[in-house]
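In what follows, a structure is listed as structure tokens, so that the remarks can point back to it.
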Amino acid sequence: MSCNKLILKTNAAVEIEDVISFYASKNSILAKRIEKEIRLAFKTIVKNPESFQCRYSEIRICWLIKIPYGLYYICV
């Protein structure tokens, strides 16, 4: 099963911007790498949303590979 599109809530977008800004203040290359990994995770979720761990009833999590963050999402 795949999703047709990914809807990013305002709070999630702000959190992602904060993470990228934090890492950009430390190292711009690292910030670009994190942004790239988040985009890749979004594409992976859209292709196969049910392949990730189910945490809380319908809430799933996709862990990023190179940084210690997870993307929580709901399939609707």
Side-chain angles (χ1 to χ4, degrees):
M1 177 182 170
S2 66
C3 295
N4 292 333
K5 63 181 177 178
L6 183 73
I7 299 171
L8 193 62
K9 299 289 186 176
T10 305
N11 292 349
V14 169
E15 290 286 330
I16 290 170
E17 288 177 15
D18 288 347
V19 167
I20 292 171
S21 295
F22 172 78
Y23 282 102
S25 69
K26 307 294 182 195
N27 184 335
S28 63
I29 295 170
L30 182 58
K32 289 178 184 177
R33 188 181 311 159
I34 291 167
E35 185 175 0
K36 182 179 176 182
E37 188 167 346
I38 290 171
R39 289 181 190 278
L40 178 63
F42 285 158
K43 288 179 183 178
T44 305
I45 291 169
V46 168
K47 285 181 184 176
N48 198 357
E50 294 182 353
S51 67
F52 295 100
Q53 179 185 17
C54 193
R55 271 290 171 99
Y56 311 101
S57 92
E58 296 179 6
I59 300 173
R60 295 182 177 271
I61 184 167
C62 172
W63 289 103
L64 301 180
I65 297 169
K66 297 181 182 180
I67 58 170
Y69 287 99
L71 302 175
Y72 288 82
Y73 65 95
I74 299 172
C75 295
V76 289

**Complete:** Checking Val19, Leu40, Leu71 against Leu64 for side chain to side chain contact (heavy atoms under 4.5 Å, CB included), the one that qualifies is Leu71
**Item:** Minimum side-chain heavy-atom gap Phe42-Ile16 below 4.5 Å
**Value:** yes
**Prompt:** Which residue pairs satisfy the side chain to side chain donor-acceptor pair (under 3.5 Å) criterion with at least one member in residues 31-46, sequence neighbours excluded?
**Reply:** Glu35-Arg39
**Item:** Nearest heavy atoms of Cys75 and Pro49, plus distance in Å
**Value:** SG-CB, 3.3 Å
**Message:** Test: salt bridge (Lys or Arg N to Asp or Glu O under 4.0 Å). Region: residues 6-25. Which pairs qualify, not counting sequence neighbours?
**Reply:** none
**Prompt:** Cluster question for you: counting only ILVMFWY and a side-chain heavy-atom cut-off of under 4.5 Å, with indirect links fine, are Ile74 and Tyr56 together?
**Reply:** yes
**Asked** Who are the side-chain contact (heavy atoms from CB on, under 4.5 Å) partners of Gln53, not counting sequence neighbours?
**Response** Arg55, Ile61, Trp63
**Message:** Can you tell me how the ring of Tyr69 sits relative to the ring of Tyr23, calling it parallel under 30°, perpendicular over 60° and tilted otherwise?
**Reply:** perpendicular
**Item:** Spatial distance of atom OG (Ser21) from atom CD1 (Ile34) [nearest 0.5 Å]
**Value:** 10.5 Å
